[in-house]
K.L.:
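Please find one structure pasted underneath; my questions will follow.
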Number of protein chains: 2
Amino acid sequence: MMELTRKGDYAIRGIVYLASQPPNKISLLSEIAAAVDVPQTFLAKIFQQFSKTGIVKSFRGTGGGFLLAGPPEEITLLQVVEAVEGPILPNRCVLKAGECERDVSCTVHPVWHQVQQKVRGILANITLKDLATN
Amino acid sequence: MMELTRKGDYAIRGIVYLASQPPNKISLLSEIAAAVDVPQTFLAKIFQQFSKTGIVKSFRGTGGGFLLAGPPEEITLLQVVEAVEGPILPNRCVLKAGECERDVSCTVHPVWHQVQQKVRGILANITLKDLATN
DNA sequence: GGTAACAGGACTTGACAAGTCTTTTGCTGC
DNA sequence: GCAGCAAAAGACTTGTCAAGTCCTGTTACC
């Protein structure tokens, strides 16, 4: 249970690599993929999502590549994970109140809510600066 | 991410129903399945796992059925979830030290470990007595 | 305008979740 | 000991989604 998908795993590897580079050094997708040992086409999809959610900036054409959109200490692991895996939801009934069809008083509901809060809290406290190797 | 499977959902529903019954009242699978609105054949598989891990007792033949193996306040949500979903592992690299092939110093490793500990802690603190409706 | 790079969509493959069906095993009560 | 009840066990089906691949488009630089 609660396994991170390989996509999430790759995503973290890729962006940690970016965070470990010198500031303002643009990295090629091919370079990142080779460095973190991930299929380039697959990593491309992941970085497209990063680009859409705004945690990395992308540049096309000659001299193009990827760059962190902000300083590593301002990008959290929570942002990274949720960018590619979607929101952290231990159970469908956590989000919307009316979605827990079974019981009006779902006794399990608050437990999942607590799990969600704790996990998000942990991930939000870790930044790319903490994870970067240098 | 982190979604409980339907199997886990059904498992909780089923065992909470058991916990809500009078002590020592044996419940038929057909009765539980109808009460919690789960396909009986599927619930059968789930209760087989419960039986194997020892959190419920089963009796065959006439007058048979299922019973909690202990008092509701001594069975935790963690036991229930791990019985059907397997151990809680946010990432493959949490368990064995050598399994994190990529980097000798995997910086993300301790984060997942912390997540695992927190989640297990929360679930271990909830018992079936807390969840039973009566 | 040609080449370098990311963007986007369609497609494939395999695994696993979510069930179903059938047979076997064990228990109880006559 | 046999009839019938109820769980155990295994084989099978179906659908979805993860994990990729491939191809075409779009944008930027020179």
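Residue numbers start from 1 in every chain, and the chains themselves are labelled A, B, ... in the order their sequence lines are given, proteins ahead of strands. Please read all numbers here as calculations on a predicted model, not as lab measurements.
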K.L.:
Describe the nucleic acid contact of B:Y10 in one word from base, sugar-phosphate, nothing, applying a heavy-atom distance below 4.0 Å.
P.N.:
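Sugar-phosphate only.
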K.L.:
What's the separation between atom CG in A:L29 and atom CD in A:Q48, rounded to the nearest 0.5 Å?
P.N.:
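Here the rounded value is 9.0 Å.
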K.L.:
Identify all pairs in which a protein N or O lies below 3.5 Å from an N or O of nucleotides 15-17 of chain D, and state each distance.
P.N.:
none

K.L.:
Going from CG on A:L78 to CD1 on A:I122, what distance comes out if it is rounded to the nearest 0.5 angstrom?
P.N.:
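That separation rounds to 11.0 Å.
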K.L.:
Once you round it to whole Å, what is the distance between C1' of D:dA18 and CG of A:L43?
P.N.:
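From A:L43 CG to D:dA18 C1': 16 Å.
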K.L.:
Would you check if the side chain of B:Q21 reaches a backbone N or O of B:S27 as a donor-acceptor pair within less than 3.5 Å?
P.N.:
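Side chain of B:Q21 to backbone of B:S27, a donor-acceptor pair under 3.5 Å: no, none is there.
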K.L.:
List the protein contact pattern of nucleotides 21-30 of chain D with one symbol per nucleotide (5' to 3'): B for base contact, S for sugar-phosphate-only contact, - for none; contact means a heavy-atom distance under 4.0 Å.
P.N.:
B---BBBBS-
K.L.:
Start with the C-alpha gap between A:K118 and B:Q114, add the side-chain angles, then the distance that decides, and say whether side-chain hydrogen bond (donor to acceptor under 3.5 Å, both in side chains) holds.
P.N.:
CA-CA 10 Å; A:K118 281 287 180 190; B:Q114 193 187 349; over 6 Å; no
K.L.:
Quick one: is C:dA5 close enough that its OP1 or OP2 comes under 4.0 Å of any side-chain N or O from A:S58?
P.N.:
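For A:S58, the contact criterion (side-chain N or O under 4.0 Å from OP1 or OP2 of C:dA5) is not met.
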K.L.:
What's the CZ-P distance between B:F50 and D:dA9, to the nearest Å?
P.N.:
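Computing the B:F50:CZ to D:dA9:P distance gives 16 Å.
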K.L.:
Using only side-chain N and O atoms of B:S51, determine if any of them is under 4.0 Å from OP1 or OP2 of D:dA8.
P.N.:
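Result: yes.
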K.L.:
Expressed as a whole number of angstroms, how long is the span from B:D37:CG to C:dG19:P?
P.N.:
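Rounded to whole Å, this separation is 11 Å.
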K.L.:
Would you call the rings of B:H109 and B:H113 parallel, tilted or perpendicular, where under 30° means parallel and over 60° means perpendicular?
P.N.:
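Answer is parallel, since the angle falls under 30°.
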K.L.:
Closer than 3.5 angstrom, by distance alone: can the side chain of B:S51 be matched with the main-chain N or O of B:F47 as a donor-acceptor pair?
P.N.:
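Looks like no, no N/O pair under 3.5 Å.
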K.L.:
Would you say B:I26 ends up clustered with B:I75 if hydrophobic residues are merged whenever their side chains have heavy atoms under 4.5 Å apart, either directly or through other cluster members?
P.N.:
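No; tracing contacts between hydrophobic side chains, which count when under 4.5 Å, never links both residues.
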K.L.:
Are the side chain of A:T107 and the backbone N or O of B:L131 linked by a donor-acceptor pair below 3.5 Å?
P.N.:
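Looks like yes, one N/O pair under 3.5 Å.
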K.L.:
Is there a residue in residues 26-33 of chain A whose heavy atoms reach under 4.0 Å of DNA chain D, and which residues are they?
P.N.:
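Correct list: empty, so none.
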K.L.:
Report the distance from atom CD1 of B:I46 to atom P of D:dA8, rounded to the nearest whole Å.
P.N.:
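In whole Å, D:dA8 P lies 13 Å from B:I46 CD1.
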K.L.:
About how many Å separate CG of B:D37 and OH of B:Y17, when rounded to the nearest 0.5 Å?
P.N.:
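With rounding to 0.5 Å, OH (B:Y17) is 13.0 Å from CG (B:D37).
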K.L.:
Just how far, in rounded Å, is P of D:dA9 from CD of B:Q48?
P.N.:
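For the pair B:Q48 CD and D:dA9 P, the rounded distance is 6 Å.
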K.L.:
Just checking B:K57: base, sugar-phosphate only, or nothing, at a heavy-atom cut-off of under 4.0 Å?
P.N.:
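Nothing, no heavy atom under 4.0 Å.
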K.L.:
Is a salt bridge present between B:R120 and B:E82, judged by a nitrogen-to-oxygen distance below 4.0 Å?
P.N.:
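The answer is yes: the pair qualifies as a salt bridge.
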K.L.:
Any base atoms under 4.0 Å from B:F47, or only sugar-phosphate, or nothing? Heavy atoms, all strands.
P.N.:
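Nothing, no heavy atom under 4.0 Å.
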K.L.:
Can you check whether B:I46's main-chain N or O pairs, donor with acceptor, with B:Q49's side chain at less than 3.5 Å?
P.N.:
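Not at all, since once roles are kept as given, no pair shorter than 3.5 Å links the two residues.
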